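Keep in mind the model is a prediction, meaning the values are calculated, not measured.
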Amino acid sequence: AVGAAGTAGAASKSPVKVAYLVPLTGTAAANGKDEENGFTLGLKHFGSTVDGHKIQVSFMDTQATPTVALSDAKKAITTTHVNVVEGPLLANEIAAVAPFVMSKGVVEDDLFFATPTQMQGYQTAKFGYTSGWDAYQVGTVGAKWAYDTMHWHHMTTLADDYAFGWEAVGAFDKEFTKLGGTITTAIWPPLSQADMSSYVSQIPSATQGVFTELLGAQGVSFYSQMSSYGLKGKIPVLGFTTTVDQSTLASATVTAAAGTYGVSQYCTDIPTKVNQTFAKLYHSAYGIWPAYYSEAGYTKAEILVAALKQLHGTASNEKKLAQAMLGVKIHAPRGPVAITKKVYAPIQNTYICKVEAKTGVARVVPIKTFKNVPPQGLLSVSTWKSTFTADSKGEPTP
């Protein structure tokens with residue numbers, strides 16, 4: 001562990017104020033708690049005081065609502081005068097918050113690359129970025145694997161009817177159809193809908209596979225309904241990051257979820273020493289295996305502490321802090337992470353994984369690694385930008 005540096009005289013040195021925006025109530029509360037736990041563990045591991053400057057974190061409940069997330073951000077910046085904003089979690093929250101934070105010249109580290117406006121804000125203000133991931137980084141890799149390795153050439157998509165789902169399916173669809181595949185059916189449940197029974201019933205029996213993006217309770221219901229309708233074992237599933245995440249699998253029936261494939265920037269069972277150390281620390285602290293949200297929070301803490309060490313703990317100069325955070329290169333539990341200043345998002349590994357039952361618990365095991373995937377995934381930059389712009393506004397057309 002990297003210990004806290006220079007704790008003597010901490011009382012006389014200005015704290016580093018961090019607002020961490022996460023949903024702690026509402027439909028994504030469990031995901032938000034995972035992210036909070038990861039960041040808290042990260043500060044404990046890497047050091048919550050740097051050269052006498054204590055990192056003070058306020059976790060603010062966005063309630064999975066964009067208007068609340070924006071209100072939280074305004075309060076954090078205008079009242080608390082924070083140095084750093086971490087989050088929010090949901091794509092529609094990020095779309096609401098990022099432009100405001102950028103306009104105030106406050107450093108922001110987002111979870112997900114949600115909108116072209118967010119990207120433009122990063123490039124113009126140079127105060128923000130995402131250390132998390134981009135849908136095209138993951139979705140295009142999943143499409144290539146499905147087409148080339150599994151030989152699924154006609155598939156069904158099932159994803160939430162909002163920006164995150166549109167971009168997940170749009171990424172998959174763009175690469176899949178480029179390779180020669182066909183999306184025969186696109187199913188769009190609303191984000192607020194937890195029961196997936198009526199949507200699973202729409203999956204054509206002749207489809208070769210289902211690509212799905214669902215969150216939390218939706219994923220649990222999806223696995224259950226696939227079994228109820230007799231589709232498990234007959235129609236294979238490739239889950240986007242959130243569907244095969246530990247945040248979903250912790251509540252799913254192990255037998256229902258086992259055998260599902262996934263594509264993600266993080267799998268719980270990545271065999272590296274860095275990840276195994278993190279996963280065991282997390283399990284010891286919280287009694288469950290880490291979700292992707294947990295790893296994202298942990299990595300955010302590592303980036304922040306590493307940047308502050310370069311500045312001897314001082315966060316008063318926002319420009320210097322932003323530059324330091326952008327320049328951090330680490331080997332995180334997910335693998336190597338480096339932020340590209342071309343689009344202010346990470347270059348990192350993407351994994352094909354499989355859900356396996358281990359001692360009665362569902363675990364996500366990597367079976368193939370695509371190394372150092374850029375934010376645009378397997379698309380050209382120009383194709384990615386135009387596709388990203390269209391998909392952020394509405395459902396992609398197969």
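Within 6.0 Å of the NZ atom in Lys104, the count of heavy atoms belonging to other residues, nucleotides or ligands does not exceed 12.
Here the side chain of Thr184 pairs no donor or acceptor atom with the backbone of His154 at under 3.5 angstrom. Between the side chain of Thr65 and the main chain of Gln63, a donor-acceptor pair closer than 3.5 Å is present. For the pair Thr78 (side chain) and Lys74 (backbone), a donor-acceptor distance under 3.5 Å is present. The backbone N or O of Cys267 lies less than 3.5 Å from no partner atom in the side chain of Ser264, so there is not a single donor-acceptor pair. Side-chain N or O atoms of Thr277 include one that pairs as donor or acceptor with a backbone N or O of Lys273 at under 3.5 Å. Tyr286 places a side-chain N or O within 3.5 Å of a backbone atom of Asn37 that can act as its donor or acceptor partner. In this structure, the side chain of Glu356 does not engage the main chain of Val365 through any donor-acceptor pair within 3.5 Å. The backbone N or O of Ser224 lies less than 3.5 Å from a partner atom in the side chain of Ser228, making a donor-acceptor pair. In this structure, Asp245 contributes its side chain and Tyr292 its backbone to a donor-acceptor pair below 3.5 Å. In this structure, Ser227 contributes its side chain and Ala256 its backbone to no donor-acceptor pair below 3.5 Å.
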Which pairs of donor and acceptor atoms, one on a side chain in residues 321-343, lie under 3.5 Å apart (sequence neighbours left out)?
{"unit_1": "Arg334", "atom_1": "NE", "unit_2": "Glu295", "atom_2": "OE1", "d": "2.9"}
{"unit_1": "Arg334", "atom_1": "NE", "unit_2": "Glu295", "atom_2": "OE2", "d": "3.1"}
{"unit_1": "Arg334", "atom_1": "NH1", "unit_2": "Ser131", "atom_2": "O", "d": "2.8"}
{"unit_1": "Arg334", "atom_1": "NH1", "unit_2": "Gly132", "atom_2": "O", "d": "3.1"}
{"unit_1": "Arg334", "atom_1": "NH1", "unit_2": "Gln348", "atom_2": "OE1", "d": "2.9"}
{"unit_1": "Arg334", "atom_1": "NH2", "unit_2": "Glu295", "atom_2": "OE1", "d": "3.1"}
{"unit_1": "Thr340", "atom_1": "OG1", "unit_2": "Lys342", "atom_2": "N", "d": "3.2"}

Please tabulate, for the side chains in residues 141-150, all donor-acceptor contacts under 3.5 angstrom to protein atoms that are two or more places apart in sequence or on a different chain.
{"unit_1": "Lys144", "atom_1": "NZ", "unit_2": "Asp148", "atom_2": "OD2", "d": "2.8"}
{"unit_1": "Tyr147", "atom_1": "OH", "unit_2": "Leu179", "atom_2": "O", "d": "3.1"}

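If you look at Phe39 and Tyr20, their ring centroids are closer than 6.0 Å. The distance between the ring centers of Tyr122 and Tyr129 does not fall below 6.0 angstrom. Taking the six-membered ring for Trp and the full ring otherwise, Tyr298 and Phe278 have centroids separated by under 6.0 Å.
For Phe164, the ring pair (Phe, Tyr, Trp, His ring centres under 6.0 Å) partners at least two apart in sequence or on another chain are Phe112, Trp133, Phe240. Taking Thr389 as the reference, nothing meets the side-chain hydrogen bond (donor to acceptor under 3.5 Å, both in side chains) condition, with sequence neighbours excluded. By the side-chain hydrogen bond (donor to acceptor under 3.5 Å, both in side chains) test, Ser197 is found to be paired with Asp195, residues two or more places apart in sequence or in another chain being considered.
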Steps toward side-chain contact (heavy atoms from CB on, under 4.5 Å) verdict (Thr130, Leu111): CA-CA 6 Å; Thr130 174; Leu111 178 68; 5.6 Å; no
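Under 3.5 Å, the side chains of Gln137 and Thr350 contain no donor-acceptor pair of N or O atoms. Remark: the Gln118 side chain and the Asp110 side chain contain an N/O donor-acceptor pair separated by less than 3.5 Å. Side chains of Asn275 and Tyr266: a donor-acceptor N/O pair is present below 3.5 angstrom, by distance only. Looking only at atom types and distance, the side chain of Asn31 has a donor-acceptor partner in the side chain of Ser247 under 3.5 Å away. Side-chain contact check for Glu93 and Thr62: at least one donor-acceptor pair (N or O, by modelled atom type) lies under 3.5 Å.
In this structure, Lys13 NZ and Thr49 OG1 are separated by 11.0 Å, a value rounded to the nearest 0.5 Å. Note: Asp61 CG to Leu24 CG = 4.5 Å, rounded to the nearest 0.5 Å. If you take CG on Leu281 and NE2 on His45, they are separated by 6.0 Å, rounding to the nearest 0.5 Å. For the atom pair OG (Ser294) and CD (Glu36), the distance works out to 11.0 Å, reported to the nearest 0.5 Å. Residue Glu35 holds its CD atom at 10.5 Å from OG1 of Thr40, rounded to the nearest 0.5 Å. Between atom CG of residue Asp134 and atom CD of residue Glu167 there is a gap of 7.5 Å, rounded to the nearest 0.5 Å.
Below 30°, between 30° and 60°, or above 60°: for Phe388 and Trp384 the angle between ring planes is below 30°, a parallel geometry.
Inter-residue side-chain proximity for Pro116 and Lys385 is flagged as unmet; no heavy-atom pair is nearer than 4.5 Å.
Other members of the hydrophobic cluster containing Val361, listed by chain and number, are Trp289; membership follows side-chain contacts under 4.5 Å among ILVMFWY residues, whether direct or relayed.
In this structure, Lys368 forms a cation-pi arrangement with Phe370, its terminal cationic atom sitting closer than 6.0 Å to the ring centre and no more than 45° off the ring axis.
No salt bridge links Lys309 with Asp51; every basic N to acidic carboxylate O contact stays at or beyond 4.0 Å.
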